[in-house]
Amino acid sequence: MLDIHLIRENKKQMETALLKKIDTVNLDEIIAVDDERKRLIVETDELKAKRNEVSSLIPKMKKEGRDVTGLLEEMKGVSDKIKTLDIRLSDTKLKMKSLLEVLPNIPDDDVLSGGKKNNEIIRVSGSKPDFPFKPKDHIELATSLKLIDYERGVKMGGNGFWLYRGDGAVLEWALLNYFIEEHLKDGYEFILPPHVLIYECGYTAGQFPKFEGDVFHLEPEEGKRFSQFLLPTSETALINYHRDEIIPEDELPKKYFAYTPCYRREAGSYRAQERGMIRGHQFNKVEMFQFTTPETSGDALEQLMTKAENLVRGLGLHYQVSKLAAADCSFSMAKTYDIEVWIPSMNEYKEVSSSSNARDYQARRGNIRFRRKSTGKNEFIHSLNASGLATSRLLPAIIEQFQKEDGTVLVPEVLKKWLKKDVLGK
RNA sequence: GGAGAGGUGUCCGAGUGGCCGAAGGAGGCGGUCUUGAAAACCGUUGUGGGGAAACUCACCGGGGGUUCGAAUCCCUCCCUCUCCGCCA
């Protein structure tokens with residue numbers, strides 16, 4: 001959620017910033033509704049002040065034995081007027097909220113405008129493997145090595161699901177263990193959150209109301225008004241850990257990480273070239289998260305990105321890091337770095353990690369604040385999230401990049417302690 | 001699923017329809033004392049809206065109602081806890 005005061009005071013700059021991300025902006029409408037809100041406040045406040053004054057007078061007059069019936073009659077009229085105006089005021093506030101909540105976060109100054117094609121590659125690590133044979137794609141490898149069962153996955157979950165089996169399951173779990181171990185080493189607190197969340201969680205994260213269609217909703221329980229949904233990423237859970245809380249300043253930064261599967265409808269986004277495990281309705285991810293003070297969130301983002309990068313490098317994969325252009329950053333985020341691994345069969349780099357700074361955008365939506373020691377005042381915290389990492393895309397990268405001519409795959413050094421073997425397929 | 005209890009400020013906790021934005025305590029901040037710290041003592045300290053300001057309005061889980069006037073009474077919804085039942 002953007003700050004209405006900022007919008008009023010820096011309309012031009014805000015519009016320019018938003019246009020880096022979205023095609024059309026109309027802040028005048030919001031400001032006009034806000035004007036109406038202020039006008040109504042003044043009007044009702046005057047009436048309420050009168051009501052309060054007279055109401056405190058009445059018991060005194062009664063004590064003096066004076067007649068108050070005329071006054072009571074008059075006040076009844078005032079009360080009715082207040083009631084009518086209050087309804088209009090709350091309607092106006094609702095309208096404000098509905099206009100504000102669909103505005104995305106404003107990009108940081110150093111974020112370029114436009115979409116994907118304006119993403120800036122800031123670093124490349126390693127190089128594309130040069131196969132002296134015709135490399136296989138991960139679907140063929142994963143199937144022949146009995147790591148993944150696509151057909152049975154679909155038989156159980158329908159289109160867009162797969163299942164891990166044998167060494168495939170062990171490899172997937174080894175990746176998760178590797179990440180968990182690293183995050184624990186860095187002092188992050190491990191969270192295993194609920195996978196089923198309430199509406200408010202999606203709202204705070206910035207997914208709702210705009211992207212409600214992207215998640216799996218559960219049928220509302222009998223008699224319940226609100227349905228729950230399956231989390232599309234553990235970020236949605238973690239941002240809500242401190243929702244409606246006030247954190248003492250000296251407890252910041254709060255550093256968490258979580259493992260959950262991520263459930264996504266991804267309606268209509270299937271493409272022939274994204275077969276296999278590049279895009280599915282369920283994938284595993286370890287997610288890092290930080291709550292920080294406003295002045296430290298910039299550094300925290302670099303920290304998170306570096307952590308994610310170290311994990312990919314630790315696996316020995318060829319990857320690149322990009323700073324995303326404004327329109328490619330997600331709705332709630334001011335700045336995002338992506339780490340993309342090389343998928344030989346697709347001749348493309350695919351995202352395995354996204355590190356983002358939401359600044360105070362999510363904090364406003366979820367009313368998450370900290371108490372600043374020097375002033376004693378409550379301020380919105382900054383929130384950051386970073387995948388560390390998404391495994392469903394790492395596994396294809398690993399088996400494709402590390403495949404041998406005989407169809408076997410070398411196990412990355414850091415995973416050997418869990419896999420207990422050097423080569424898959426032997 | 002059945003029965004009961006409860007949701008108040010940064011936290012804990014009191015609150016007869018007007019004297020309640022709200023006792024008391026803890027915590028924070030400032031000070032006295034101390035070589036320093038602790039303890040003790042004194043003072044101070046809610047959030048948000050409107051306004052240049054004076055000031056004013058709202059907020060005691062959410063929404064409605066009764067009333068000239070609601071933290072307090074009524075309705076309704078949500079949530080939490082305890083006990084019983086069922087269950088991995």
Side-chain angles (χ1 to χ4, degrees), chain A residues 1-9 30-100 192 194-204 208 218 220-229 240-252 254 291 293 360 363-381:
Chain A
M1 196 79 92
L2 298 178
D3 183 2
I4 182 65
H5 298 103
L6 264 181
I7 291 178
R8 293 189 74 103
E9 283 157 31
I30 293 179
I31 291 174
V33 175
D34 193 44
D35 286 339
E36 171 73 358
R37 183 183 65 94
K38 289 188 181 193
R39 203 186 59 73
L40 286 168
I41 284 173
V42 172
E43 206 175 328
T44 51
D45 276 8
E46 275 170 11
L47 288 172
K48 284 175 184 172
K50 181 170 185 195
R51 181 184 66 185
N52 290 345
E53 194 195 328
V54 174
S55 290
S56 67
L57 219 63
I58 285 174
K60 287 176 199 152
M61 291 176 67
K62 275 185 174 169
K63 209 172 269 175
E64 294 167 14
R66 291 162 67 184
D67 180 34
V68 292
T69 46
L71 216 44
L72 293 189
E73 201 53 43
E74 188 193 340
M75 283 303 106
K76 214 178 177 98
V78 171
S79 261
D80 286 347
K81 213 182 263 176
I82 289 173
K83 214 165 275 177
T84 315
L85 283 172
D86 265 346
I87 290 168
R88 271 171 64 195
L89 181 57
S90 72
D91 284 349
T92 307
K93 282 180 177 168
L94 274 179
K95 187 163 181 206
M96 267 282 285
K97 185 164 174 261
S98 70
L99 288 172
L100 268 180
L192 289 171
H195 299 182
V196 173
L197 302 176
I198 60 172
Y199 183 91
E200 193 64 27
C201 294
Y203 183 84
T204 297
F208 299 163
L218 302 179
E221 248 176 81
E222 187 85 29
K224 293 241 179 186
R225 242 186 314 183
F226 300 109
S227 72
Q228 292 158 305
F229 66 97
N240 283 281
Y241 187 90
H242 290 296
R243 173 160 46 87
D244 288 318
E245 289 183 19
I246 295 170
I247 306 170
E249 185 182 0
D250 50 22
E251 285 179 27
L252 295 176
K254 292 270 194 187
F291 295 90
T293 57
D360 65 359
R364 279 180 192 283
R365 293 177 84 99
N367 196 27
I368 311 168
R369 295 170 295 171
F370 75 99
R371 195 177 192 76
R372 193 184 285 282
K373 259 201 151 142
S374 57
T375 61
K377 294 286 177 199
N378 299 328
E379 294 178 38
F380 290 112
I381 52 93

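Here is the naming used below: chain letters follow the sequence lines, and residue numbers restart at 1 for every chain.
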Figure out the [atom1]/[atom2] separation between [X] and [N], and round it to whole Å.
X	N	atom1	atom2	answer
A:Lys377	B:G48	NZ	C1'	11 Å
A:Asn367	B:G62	CG	C1'	15 Å
A:Asp86	B:G69	CG	C1'	15 Å
A:Arg243	B:G61	CZ	P	18 Å
A:Glu200	B:G62	CD	P	13 Å
A:Glu251	B:G27	CD	P	16 Å
A:Arg372	B:G28	CZ	P	19 Å
A:Ile247	B:G28	CD1	P	18 Å

How far, in whole Å, is [M] from [N] if one measures between their [atom1] atoms?
N	M	atom1	result
B:U16	B:A71	P	13 Å
B:C79	B:G31	C1'	43 Å
B:G15	B:G7	P	10 Å
B:C11	B:G28	P	15 Å
B:C41	B:G51	C1'	41 Å
B:U10	B:G65	C1'	34 Å
B:C81	B:U67	C1'	34 Å
B:C19	B:A58	P	13 Å

Counting Watson-Crick and G-U wobble pairs only, both distances under 3.5 Å, name the nucleotide matched with [N], or none.
N	answer
B:A40	B:U32
B:G27	B:U45
B:C55	B:G50
B:G69	none
B:C83	B:G2
B:G17	none

Proximal nucleotide (of B:U47, B:G18, B:G50) relative to the A:Ile58 side chain: B:G18
Taking the side chain of A:Ser55 as heavy atoms from C-beta outward, which of B:U10, B:G69, B:G50 is closest to it?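 Of B:U10, B:G69, B:G50, B:G69 is nearest to the side chain of A:Ser55.
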Identify all pairs in which a protein N or O lies below 3.5 Å from an N or O of nucleotides 55-57 of chain B, and state each distance.
| unit_1 | atom_1 | unit_2 | atom_2 | d |
| --- | --- | --- | --- | --- |
| B:C57 | OP1 | A:Asn52 | ND2 | 3.3 |
| B:C57 | O2' | A:Asp45 | OD1 | 2.8 |

Nearest heavy atom decides the nucleotide; on that basis, is A:Met75 or A:Ile4 closer to the 5' end of RNA chain B?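 On the 5' side of the pair lies A:Ile4.
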Of A:Leu72 and A:Arg369, whose closest RNA chain B nucleotide lies nearer the 5' terminus?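 Closest to the 5' end, via its nearest nucleotide, is A:Arg369.
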Answer yes or no: does a side-chain N or O of [X] lie under 4.0 Å from OP1 or OP2 of [N]?
X	N	result
A:Arg37	B:G50	yes
A:His5	B:G50	yes
A:Lys38	B:G51	yes

Select base, sugar-phosphate, or nothing to describe what [X] touches, counting heavy atoms under 4.0 Å on all strands.
X	value
A:Lys83	sugar-phosphate
A:Val42	sugar-phosphate
A:Ser56	nothing

Under 4.0 Å between a Lys/Arg side-chain N and an Asp/Glu carboxylate O for A:Asp35 and A:Arg8? yes
Is any NZ, NE, NH1 or NH2 atom of the basic residue among A:Arg88 and A:Asp91 found under 4.0 Å from an Asp or Glu carboxylate oxygen of the other? no
Which pair of non-hydrogen atoms, one from [X] and one from [Y], has the smallest distance, and what is that distance?
X	Y	answer
A:Cys201	A:Arg243	SG-NH2, 3.8 Å
A:Lys62	A:Val68	CE-CG2, 4.1 Å
A:Val33	A:Thr92	O-CG2, 3.6 Å
A:Lys50	A:Met75	CE-CE, 4.0 Å

Nearest 0.5 angstrom please: A:Asp360 CG to A:Ile368 CD1, how far? 11.0 Å
Does A:Lys48, at its NZ atom, have more than 12 non-hydrogen atoms belonging to other residues, nucleotides or ligands within less than 6.0 Å?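 Counting other residues, nucleotides and ligands, NZ of A:Lys48 exceeds 12 neighbours.
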So that I know where these two stand, are A:Phe291 and A:Phe370 an aromatic pair - ring centroids less than 6.0 Å apart?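 No, they do not, as the ring centres are separated by 6.0 Å or more.
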Audit row: A:Lys76, A:Glu73, salt bridge (Lys or Arg N to Asp or Glu O under 4.0 Å) steps and yes/no: CA-CA 5 Å; A:Lys76 214 178 177 98; A:Glu73 201 53 43; over 6 Å; no
